[in-house]
Structures are given as structure tokens and as C-alpha cells.
Amino acid sequence: MANYCKTIFNGVDTVRFSKPIDGRSKTRPYQKLLFVGRVSPEKGLHVLLDALKEVVKRSPDVQLDIIGPESVAPPGLFINLSNDRRVRALRQFYSGTRYFSQLKNRLSEEIKERVFLQNDLLSNRL
């Protein structure tokens, strides 16, 4: 059975594939965070953006790429079916304002410069 499985490690040479940011040296690579999925409240992207504020304080060379379409699941699909307070708290994102717009409003000026949205309709800064 052991011959049927093989571990293939993911990896990249960060020195070879690093890009300078704002004229900084190529020897200091930036760190990229990646979110891939639907942009919807139950995915917790708002939590990630809030956490990014703290991450940037500790590691100023961080960039977040968000890849995926805004496709918000209806609240009746999961919120109304759950007794979990964290799930029920997602109701705040169903106020009539697009989730994408609510995410954008959560960002400080420093964080806005580090967050990029890429999907089939648009490729730009959040």
C-alpha cells in the first residue's frame, strides 16, 4: 500500500520569484496572502480583512489578493437554520448594501493599498 501514495511538497524559491515593492530591494520578498472563493459573508472575508490590520502592523510587506466572484448566499439558506450566535451575527451583512461595499468600508487607507480583488468581471484594488 505504501507505494500507492507519494508526498509532493508545494514550494517556491521566494528569493528568485520576489518582486520589489515601492523600490525596496529584491532580496526582501513581500508576503502575499491569498483568498480564493466566493465573496460572501459566510466565508468570513470580513474577519480576514479585520485581521489584516493587525498583520500589517507586524509585517508591513503583506499584500492580500482576493480571487473570486461576489456571490452572496441567501440568508435563509444558513442563517435562519442555525442557532449558533456567530452564524446569526452574519445577518448584519444583509442590510441591502452589497457585501463587497461593506468590505471596502471596513478598510483603512493603509490596508486599501494592500488588498486586490480579481475575478472574471474586474481586476483592481478593493
Side-chain angles (χ1 to χ4, degrees):
M1 280 281 197
N3 295 337
Y4 286 71
C5 297
K6 183 175 183 177
T7 302
I8 301 173
F9 296 98
N10 292 325
V12 66
D13 181 346
T14 58
V15 174
R16 181 176 177 194
F17 293 103
S18 65
K19 295 180 186 177
I21 294 180
D22 301 328
R24 294 183 186 149
S25 168
K26 281 189 173 190
T27 60
R28 184 170 182 209
Y30 65 92
Q31 295 181 3
K32 185 176 281 202
L33 302 174
L34 179 64
F35 173 92
V36 179
R38 282 184 305 109
V39 177
S40 186
E42 77 277 7
K43 298 291 186 173
L45 195 52
H46 53 281
V47 176
L48 176 59
L49 293 179
D50 291 346
L52 185 63
K53 296 172 189 174
E54 295 302 315
V55 171
V56 167
K57 288 178 186 175
R58 297 179 187 159
S59 184
D61 292 333
V62 170
Q63 174 182 320
L64 171 63
D65 286 348
I66 301 168
I67 300 174
E70 180 177 15
S71 180
V72 177
L77 186 64
F78 61 95
I79 292 176
N80 298 340
L81 301 175
S82 177
N83 291 326
D84 188 309
R85 65 176 173 76
R86 293 169 294 195
V87 174
R88 292 221 176 241
L90 295 175
R91 189 175 304 281
Q92 68 181 309
F93 297 108
Y94 290 89
S95 63
T97 303
R98 289 181 55 205
Y99 183 58
F100 179 78
S101 298
Q102 293 179 58
L103 294 176
K104 191 173 181 178
N105 291 336
R106 292 176 94 88
L107 301 178
S108 64
E109 289 301 316
E110 299 81 22
I111 302 300
K112 282 182 184 179
E113 298 297 319
R114 301 168 189 283
V115 179
F116 298 87
L117 175 69
Q118 299 173 348
N119 67 23
D120 51 344
L121 301 176
L122 125 111
S123 178
N124 63 14
R125 281 200 172 118
L126 184 66

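In summary, of the residues considered (Ile79, Val72, Val47), a side chain to side chain contact (heavy atoms under 4.5 Å, CB included) with Pro41 occurs for Val72 alone. Each of Val62, Val56, Asp50 was scored for a side chain to side chain contact (heavy atoms under 4.5 Å, CB included) with Ile111, with one residue passing: Val56.
Atom NZ in Lys104 sits 6.5 Å away from atom NZ in Lys112 (nearest 0.5 Å). A distance of 10.0 Å separates CG in Leu103 from CZ in Arg98, rounded to the nearest 0.5 Å. Of the inter-residue distances, the one linking Gln31 atom CD with Arg114 atom CZ reads 11.0 Å to the nearest 0.5 angstrom. Put simply, CD on Glu42 and CZ on Phe93 are 11.0 Å apart, with the number rounded to the nearest 0.5 Å. Of the inter-residue distances, the one linking Ile66 atom CD1 with Leu48 atom CG reads 7.0 Å to the nearest 0.5 angstrom. Annotation: the span from Phe35 atom CZ to Ile67 atom CD1 amounts to 10.5 Å, rounded to 0.5 Å.
Between Tyr99 and Gly44, the shortest heavy-atom contact is OH-C, 4.4 Å. What you find for Gln63 and Asp65 is that their closest heavy atoms are NE2-OD1, 3.0 Å. Annotation for Arg88 and Ser82: closest pair NE-O, 2.8 Å, computed over non-hydrogen atoms. Taking every heavy atom of both residues into account, Ser40 and Ala73 meet most closely at OG-N, 3.2 Å.
A heavy-atom distance below 4.5 Å is found between the side chains of Arg106 and His46. Using a 4.5 Å cut-off on side-chain heavy atoms (C-beta onward), Leu49 and Leu64 make contact.
Panel note: side chain Gln92, backbone Ala89; a donor-acceptor pair is recorded below 3.5 Å. With Arg91 contributing its side chain and Asn80 its backbone, the two residues share no donor-acceptor pair below 3.5 Å. Between the Ser71 side chain and the Arg38 main chain, no donor and acceptor come within less than 3.5 Å of each other.
Criterion: ILVMFWY side-chain heavy atoms under 4.5 Å apart, direct or through other members. Under it, Leu77 and Val39 are part of a common hydrophobic cluster.
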